[in-house]
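What follows is a short report on a single structure.
Throughout, protein chains are lettered first and strands after them, A, B, ... in sequence-line order, and every chain is numbered starting at 1. Keep in mind it's a predicted model, so treat the numbers as computed, not measured.
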Amino acid sequence: MWRTNPVRWARKNVGVHVILAPAPDGRVVLRPLDARGRRTGPDTTVARPELAREAQRIEAADRPRWVWRRAADWYPGFLAAGVRLERCHDLTLCGTALEGSAFAATTGYTSAFAARTEVADPAGTLPQLPPAEGQGFLFEDAPDHGPGADDLERELTAQLAAIAGSSQPGRLRLLCAADSAGALVAAEMQAAGIPWDAATHEALLAEQLGPRPRGLERPARLEEKANELRDLLGAPKLNPDSPQELMRALHRAGIEAHTTRAWELREFTHPAIQPLLEYKKLARLLAANGWAWLDAWVRDGRFRPEYVVAGVVTGRWASRGGGALQIPKQVRAAARALPGHKLVVADASQLEPRVLAALARDDAMAAAAEDSDLYARIAAAGFGGDRAKAKVALLGAIYGATTGESGRLLPQLAKLYPRAVGYVEQAARDGERGLTVTTHLGRSSPPPSERWHHLQRSTTAEEQRRADAVARDRGRFTRNFVVQGTAAEWAECWMAELRLRLRRLAARGFRGELVYFLHDEVMVHAEESVAEACADAIRDAAAAARRLLFGQAPVEFPVSIAVVDSYDQAK
DNA sequence: GTCCTGAGCGCG
DNA sequence: AAAGCGCGCTCAGGAC
């Protein structure tokens, strides 16, 4: 309370929350509310051309939490107008998380705007080209109809009540704040884009595939490989892109593969295998990240993917357009800092095992996590120093491996870390029984489908076998869910904290911009002189994320940071 | 012609 | 013969 400035509260229209909603006449309503969602003043209604400036004025005065149906609808318009906002409450993201959360199950809350009620891409037009710079006018994507301020106020009140009435209000409040901050980061990163040097990318393509073909024919080097393959397999008309044709040709050549997957082909000894693997690699590069990709996704030196916050069941982010979360190592050299700038690339080392140690409150594993190389410490503790074994055992425990080396090593791991292994085993058993499981901050797994229940009640032996297999599949899913989902929460908090620190640096004239996020990895594009300050911000943010999620739990989350000119130089 | 699915492979 | 999680994207090829 001592931080509250009484002068602030004396002013009119002051709100801790400000609802932003379309008015029936096409203008936009701004409604101030207090921390508990009660109105603190009259609505303001502004025309859209005035919205950015008015919001900026309120932002500067009050730093409210902006409450909107979806940040993704509104915030890009603000960014296009050069207005950045610090905090928000995304009713759709929060509604989805709260409605599913076991922590809030007894509150009876249901979301008015849950994501699954949305019509995703009704026109079916994806992938869309990203809008060109300066094209379109502000807020053209923002809704001009649908739920108004009253609806949003009702929904906000319901969500705040669900949080307050839940079994873990602190955690759910943080979950909502993290997803909402994530929505802001996502829009900001999309607006910024990854600095992408098309010339470097084209040089990489030319080097590996040959010059860009005029039409749709294969590039020269790829066609050469295809011909080599046709000769070696004695199949002059083979189209190696067709799995069926390829399979027949392989069989005729005496290669009895069951699939045409690279890992299986590697097991055969035949002169055609090596060229085939090379062909597949190059064909993949051409199809996924070739000239067409460059034309479609890189504009004005930036690759601007759309991020979908919590787009994965576990709460991980997904992306739309350009395969932003699958940029192959082959082309990462094209992600290149502008002159006088650096890319500060950071990744959280061994994030999931560390998350498991904290989740399960496993002191022994937490002790291993004091080391920057957790696998090495585990290897020393109980795998005769064999780091590879320790890693396979631990990842197998998190993913649910039952057979192979990983399965064999599990008992040994369980002896060393009974709490950690017990934690994921419990999640697996819950999943097998059809229960939901929940991450640290309260994101719950989806319940099993009706069909799943039906299958579990089956009577014949054959159906029983099938039901058991499906139950085990679900157990592996829920086992992984708690770890992957909590890791995603840590990462989202990491980004939210990093964003605040970068804003503070920017306020002092040191510009560093978050431009990329990949599950446990972030990239900041910064002026050279600011790079080290950004690296410090990244480390501080990681420590802050740990405190937010796990308080004083003695588990370290080290980040490894590379200050580089291009993405391929990191790790 | 359009729509959908599976195979395959990229990422963590 | 890929054991073991989560995705997005492209292509081929079948369904319509």
Give me the distances for all protein-to-nucleotides 11-14 of chain C N/O pairs that come in under 3.5 Å?
from   : atom 1 : to     : atom 2 : distance (Å)
C:dA12 : O3'    : A:S242 : OG     : 3.4
C:dG13 : OP1    : A:S242 : OG     : 2.3

* **A:Q326 (side chain) and C:dG8 (base): donor-acceptor pair under 3.5 Å** => yes
* How about A:F517 and A:W494: are their ring centroids closer than 6.0 Å? -> no
* **Upstream residue (5' side of DNA chain C) when A:A288 and A:H258 are each assigned their closest nucleotide** => A:H258
* **Closest to side chain of A:T260, choosing from C:dG8, B:dA7, B:dC11** => B:dA7
* May I ask you to say what A:A262 touches in the nucleic acid, namely base, sugar-phosphate or nothing, with a heavy-atom cut-off under 4.0 Å? => sugar-phosphate
* To do: Would you kindly say whether A:T438 and A:S444 are connected by a side-chain donor-acceptor distance under 3.5 Å?
  => yes
* Structure fact -> Picking from C:dC5, B:dC11, B:dC9, the nucleotide nearest the side-chain atoms of A:N480 would be C:dC5
* Asked: Do any of residues 391-405 of chain A sit with a heavy atom less than 4.0 Å from DNA chain B, and if so which?
  -> none
* Asked: Does a side chain donor of either A:E188 or A:Y75 reach within less than 3.5 Å of an acceptor in the other side chain?
  -> yes
* Could you tell me how the ring of A:F557 sits relative to the ring of A:F550: parallel (under 30°), tilted (30 to 60°) or perpendicular (over 60°)? => parallel
* With a 3.5 Å cut-off and just heavy-atom distances, do the side chain of A:R284 and the base of B:dC9 make a donor-acceptor pair? -> yes
* **Pairwise P distance for B:dA7 and C:dA2, with rounding to whole Å** => 12 Å
* What nucleotide, of C:dC7, B:dA7, B:dG12, holds the atom closest to the side chain of A:L518? -> B:dG12
* Looking across every strand, which nucleic acid part, if any, lies under 4.0 Å from A:R472 by heavy atom: base, sugar-phosphate, or nothing? -> nothing
* Do A:R316 and A:E352 meet the salt-bridge criterion of a basic N to acidic O distance under 4.0 Å? -> yes
* Asked: What does A:I327 touch in the nucleic acid at a heavy-atom separation under 4.0 angstrom: a base, only the sugar-phosphate, or nothing?
  -> sugar-phosphate
* Reading DNA chain C 5' to 3', how would its secondary structure be written in dot-bracket notation, given Watson-Crick and G-U pairs with both distances under 3.5 Å, brackets [ ] for crossing pairs and | for partners on other strands? -> ....||||||||||||
* To do: Answer with base, sugar-phosphate or nothing: what part of the nucleic acid does A:R316 contact at a heavy-atom distance below 4.0 Å?
  => base
